[in-house]
Amino acid sequence: MLFNDKEIIILGIETSCDDTSIAILKNNALLSNVVYNQDVHNKYGGVVPEFASRAHLLNIIPVLECALDKASIKLSEVNAISFTNGPGLMGSLLVGNSFAKGLAVALGKPLIAVNHLHAHVLSHFIKLEDNQSFPTFPHLSLLISGGHTQIIIIHDYLKYEIIGNTLDDAAGEAFDKAAKMMGFPYPGGPYIDNCAQKGNPHKFQFPIPTIPNLDFSFSGIKTSLLYFLRDNIQKNQNFINENINDICASYQRCIVDFLILKIKLAVKQTGIREVTLSGGVSANSEVRRRFKELENENIKIYLPPKFLTTDNAAMVGIVGYYKYLAGMVDDLKVVPFAKC
Ligand code: KG4
Ligand code: ZN
């Protein structure tokens with residue numbers, strides 16, 4: 001089945017974790033992208049899955065109404081319903097899955113299940129302005145989020161190959177767990193980023209992991225920070241407070257050095273000199289600065305606009321658009337999956 005409509009309106013739904021988001025796209029162009037960040041989790045130091053699914057239930061209809069309103073689109077004009085079907089929290093995914101199915105049945109429109117990681121990597125193909133330049137194929141994609149750290153060859157909109165993966169924590173977890181040790185609220189990545197901007201990245205040394213090939217591991221960096229803090233606090237109770245900016249800058253430098261090392265290796269191994277970054281950690285200012293510097297080494301770097309780095313439905317809609325063009329639609333039997 002191949003659809004040939006000239007003007008396709010795609011609705012995207014994202015509920016994989018703790019953000020309720022709905023976007024409307026006209027072909028590849030973004031008309032609206034509404035994200036409701038749940039704050040019920042703040043005092044628990046992490047996402048509470050049961051709270052997340054309940055908050056999605058409460059918020060999803062107002063978020064839909066707001067997205068339609070901002071796009072000046074009526075529900076009856078939507079051509080297809082795309083939604084995140086995994087990986088993520090099962091309860092949260094079930095809300096998006098059921099809501100999408102309900103809409104598809106009520107409107108008599110196709111249903112398109114989207115992989116959350118695929119959505120992050122295709123966020124670079126969302127049209128936001130005229131004369132925008134898009135990555136070409138094949139290119140490399142570094143996905144650095146709260147749940148995943150992967151290097152992927154993107155052969156085409158719908159064809160990709162994972163060539164590197166984390167063996168334990170994701171880059172976002174390395175930030176969030178370190179932030180927790182230093183007393184920051186969840187998610188702590190942006191707090192580390194903020195303090196690091198005022199600190200000396202060479203003040204303290206943390207070991208860059210020696211993991212073979214294109215894989216990652218962040219548990220060693222995290223443990224070295226834990227012991228470093230423990231030893232120094234024994235000598236000085238106020239060690240964290242007195243050195244917070246330098247600790248954050250030094251720890252962050254170690255993570256960024258590791259990411260750069262791996263992407264350079266991927267470029268060398270594949271011969272592909274075009275790299276896109278995606279996922280929440282690609283909002284990090286040092287990640288952005290250091291990767292942009294790689295352009296001096298003849299590696300073309302695409303950084304997503306900050307509002308597309310963390311979870312959003314626009315990226316779900318863009319995968320929905322390309323799957324729709326290819327006639328890749330799902331039936332009502334499609335079930336969510338928590339893990340890849
Ligand atoms: O992509 P995302 O919204 O969620 C997943 O799909 O996992 O990424 C969330 C992650 C969190 O770990 C958060 O701390 C991290 O992205 N993050 C950052 C920054 N902004 C978000 N990490 C470092 N620096 C930032 N500025
Ligand atoms: Zn994500």
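One-based numbering along the sequence shown. What you see is a predicted model, and the numbers here were worked out from it, not measured in a lab. Atoms within each ligand, like the ligands themselves, are counted from 1 in listed order. Side-chain atoms are counted along with the backbone in the values below, which use heavy atoms only and exclude waters and symmetry mates.
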### Query
Below 3.5 angstrom, do we get any N/O pair linking T310 and ligand 1?
no
### Message
So if I apply the side-chain hydrogen bond (donor to acceptor under 3.5 Å, both in side chains) rule between S285 and each of Q197, Q252, K306, R290, which one comes out positive?
### Response
Q197
## Note on the structure
Taken by chain and residue number, the protein N/O/S atoms under 2.8 Å from the Zn ion (ligand 2) read H116 NE2, H120 NE2, D311 OD1
### Message
Under 6.0 Å from the ring centre and within 45 degrees of the ring axis: does the NZ or CZ of K262 meet both conditions for the six-membered ring of F258?
### Response
no
### Distance filter under 4.0 Å to H120 heavy atoms, resulting ligand 1 atoms
1 (O), 6 (O)
### Query
Please state which protein non-hydrogen atom is closest to atom 2 (P) of ligand 1 and give its distance, to 0.1 Å?
D311 OD1, 3.6 Å
### Query
Hey, looking at atom 20 (N) of ligand 1, which of G189, G280, S285 has the closest heavy atom?
G280
### Query
Got the closest protein heavy atom to atom 26 (N) of ligand 1, with its distance?
D193 OD2, 2.9 Å
### Task
Check each heavy atom of V287 against ligand 1 and say whether those closer than 4.0 Å belong to the side chain, the backbone, both or neither.
neither
### Query
Does a side-chain N-to-carboxylate-O contact under 4.0 Å join D330 and K333?
no
### Message
Check D176 with K180, please: is the shortest side-chain N to carboxylate O separation under 4.0 Å?
### Response
no
### ligand 1 to D19 polar contact by distance, N or O atoms, under 3.5 Å
no
### Task
For this output row, return yes or no: ring centroids of F137 and F125 closer than 6.0 angstrom.
yes
### Message
Around atom NZ of K300, are there more than 12 heavy atoms from other residues, nucleotides or ligands closer than 6.0 Å?
### Response
yes
### Summary
Residues at least two apart in sequence or cross-chain that pass ring pair (Phe, Tyr, Trp, His ring centres under 6.0 Å) with Y322, listed by chain then number, are Y157
### Query
Identify the closest protein heavy atom to atom 13 (C) of ligand 1: which residue and atom is it, and at what distance?
D176 OD1, 3.8 Å
### Winner among C17, G146, A171 once heavy atoms are compared against atom 10 (C) of ligand 1
G146
### Message
Whether the H120 and D311 side chains hold a donor-acceptor pair (N or O, under 3.5 Å, no angle test) is what I'd like checked.
### Response
yes
### Proximal atoms of ligand 1 relative to T309 (non-hydrogen, under 4.0 Å)
1 (O)
### Task
Report yes if some N/O of G147 lies less than 3.5 Å from some N/O of ligand 1; otherwise report no.
yes
### Query
Pairs in or reaching into residues 7-59: which pass ring pair (Phe, Tyr, Trp, His ring centres under 6.0 Å), with residues at least two apart or in two chains?
Y44-F51
### Query
What residues, two or more places apart in sequence or in another chain, satisfy side chain to side chain contact (heavy atoms under 4.5 Å, CB included) together with K26?
E7, I9, L31
#### Entry: Aromatic ring proximity, centroids under 6.0 angstrom, F228 and F239
yes
#### Entry: S217 side chain to D168 side chain, donor-acceptor N/O pair below 3.5 angstrom
yes
### Task
Under 4.0 Å, heavy atoms only, figure out whether ligand 1 is touched by the backbone of N284, its side chain, both or neither.
both
### Region of H148 that comes within reach of ligand 1 [heavy atoms, distance under 4.0 Å]
neither
### Query
What atoms of ligand 1 come within less than 4.0 Å of a heavy atom belonging to H116?
6 (O)
### Any donor-acceptor N or O pair under 3.5 Å, side chains N312, D19
no
### Message
Quick check on contacts: which atoms of ligand 1 are under 4.0 angstrom from a heavy atom of G172?
### Response
12 (O)
